[in-house]
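Inspection log for the structure reproduced underneath, given as structure tokens.
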Protein chains: 2
Amino acid sequence: MEQHRLDVFQVIADPSRRQILHLLSKDSRTINSLAENFDMSRPAVSKHIKVLYNAGFISIQDIGRERHCVLKQDGFKELQAWLAYYDKFWGDKLDKLGALMNDKMNKK
Amino acid sequence: MEQHRLDVFQVIADPSRRQILHLLSKDSRTINSLAENFDMSRPAVSKHIKVLYNAGFISIQDIGRERHCVLKQDGFKELQAWLAYYDKFWGDKLDKLGALMNDKMNKK
DNA sequence: AATTTGCGTAACTCACAAGTTACATATACA
DNA sequence: TGTATATGTAACTTGTGAGTTACGCAAATT
């Protein structure tokens with residue numbers, strides 16, 4: 001079997017996968033229903049779905065022969081956590097700037 | 001000239017570039033100072049720097065023959081904006097769940 | 001029972017990002 | 001002035017992700 005085990009950063013690096021996520025943010029969809037929105041073949045979309053699933057961006061509910069895809073929060077949380085670290089960085093920077101300004105004010 | 005014009009998603013998809021950002025979150029550094037932390041060659045790091053710069057993740061201050069790299073917020077903001085859309089999605093979902101629970105409570 | 005539909009997977013091609021080495025250039029230093 | 005240092009870039013190789021087609025299988029339909 002192929003790998004299809006990309007980390008969350010690699011997963012969202014692909015424009016097609018981001019569009020899939022966007023479509024799923026509007027509605028739950030099956031693989032074919034998703035594939036209709038793209039120029040690429042259905043198997044290609046199917047692979048993307050697998051990647052998104054493995055990285056925790058979607059969950060899949062099998063209903064008969066159809067596979068219904070729904071957004072799942074796990075993958076997004078990993079990204080949030082990564083960004084939060086740098087949010088803190090910018091926050092700290094502002095704090096330091098504020099402290100600096102206070103110092104200047106007090107000196108006057 | 002080569003392209004080196006990746007979008008913010010592709011930029012953070014590379015582990016080396018994420019580590020560079022992490023190093024820069026501790027301290028401002030020159031290219032060589034950054035390269036010491038990696039197994040790859042200095043030109044490779046230099047390319048990553050260019051990519052990070054073009055995507056708005058760092059700013060560069062030339063001091064003599066040295067290039068001092070500093071984190072810049074622009075690149076991160078693009079990612080925040082993308083994630084914020086889905087944050088809203090989860091928020092809405094919770095709202096709907098809350099409304100549903102209220103309905104059930106009222107019926108009892 | 002036969003056919004259609006919805007999907008997964010294997011095998012393959014291809015583009016390109018990411019690395020390398022070699023070389024060029026500008027600044028600092030002796 | 002000559003040499004060492006800090007860096008950028010051109011040219012090349014290579015791994016691999018993303019696409020394709022062909023095929024198989026199970027569920028639905030007739």
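Model, not experiment: these values are computed from the prediction. Each chain gets a letter, A, B and so on, in the order its sequence line appears, and its residues count up from 1.
Remark: P of D:dG17 and CZ of A:Phe9 are 17 Å apart, rounded to the nearest angstrom. Atom CZ in B:Arg5 sits about 17 Å away from atom P in C:dC16, given to the nearest Å. Atom C1' of nucleotide C:dT20 and atom CG of B:Asp39 are separated by 14 Å, given to the nearest angstrom. Here the C1' atom of nucleotide D:dT16 and the CG atom of A:Asp14 are 14 Å apart, to the nearest Å. In this structure, B:Arg29 atom CZ and D:dA6 atom P are separated by 15 Å, rounded to whole Å. The distance from atom CD1 of A:Ile31 to atom P of C:dT9 is 11 Å, rounded to the nearest whole Å. In this structure, A:Leu6 places its CG atom 14 Å from C1' of D:dG15, rounding to the nearest Å. Atom C1' of nucleotide C:dG19 and atom CZ of B:Phe38 are separated by 14 Å, given to the nearest angstrom.
One N or O donor and one acceptor, one from the side chain of B:Lys47 and one from the base of C:dG19, sit under 3.5 Å apart.
Between the CD atom of B:Gln73 and the CD atom of B:Gln80 there is a distance of 8.5 Å, given to the nearest 0.5 Å. Once rounded to the nearest 0.5 Å, the distance linking CG of B:Asn32 with CZ of B:Arg42 reads 6.5 Å.
Mapped onto DNA chain D by nearest heavy atom, A:Met40 and B:Ser33 fall at different nucleotides, with B:Ser33 at the one closer to the 5' end.
When the nucleotides D:dT20, D:dT9, C:dT20 are ranked by their closest atom to the side chain of A:Ser41, D:dT20 comes out on top.
Contact annotation: A:Lys50 does not reach the phosphate of C:dC7 (side-chain N/O to OP1 or OP2, under 4.0 Å). A close approach under 4.0 Å does not occur between any side-chain nitrogen or oxygen of A:Arg42 and OP1 or OP2 of D:dT21. Within the 4.0 Å cut-off from OP1 or OP2 of D:dT7, not a single side-chain nitrogen or oxygen of B:Ser46 is found. Within the 4.0 Å cut-off from OP1 or OP2 of D:dG19, at least one side-chain nitrogen or oxygen of A:Ser16 is found. Close to D:dT7, at under 4.0 Å from its OP1 or OP2, lies a side-chain N or O of B:Asn32. Within the 4.0 Å cut-off from OP1 or OP2 of C:dG19, at least one side-chain nitrogen or oxygen of B:His48 is found.
Remark: B:Arg67 pairs with B:Asp62 by the salt bridge (charged side-chain N to carboxylate O under 4.0 Å, His left out) rule, at least two apart or across chains.
Put simply, the side chain of A:Asn37 gets close to the backbone of A:Leu34: a donor and an acceptor are under 3.5 Å apart.
Within residues 56-69 of chain B, the residues having any heavy atom under 4.0 Å from DNA chain D are, by residue number, B:Arg65, B:Glu66, B:Arg67.
Identified under the salt bridge (charged side-chain N to carboxylate O under 4.0 Å, His left out) test for residues 6-23 of chain B, with sequence neighbours left out: none.
A pairwise comparison of heavy atoms in A:His68 and A:Ile63 identifies CD2-CD1, 3.6 Å as the closest pair.
At most 12 non-hydrogen atoms from other residues, nucleotides or ligands lie less than 6.0 angstrom from OH of A:Tyr53.
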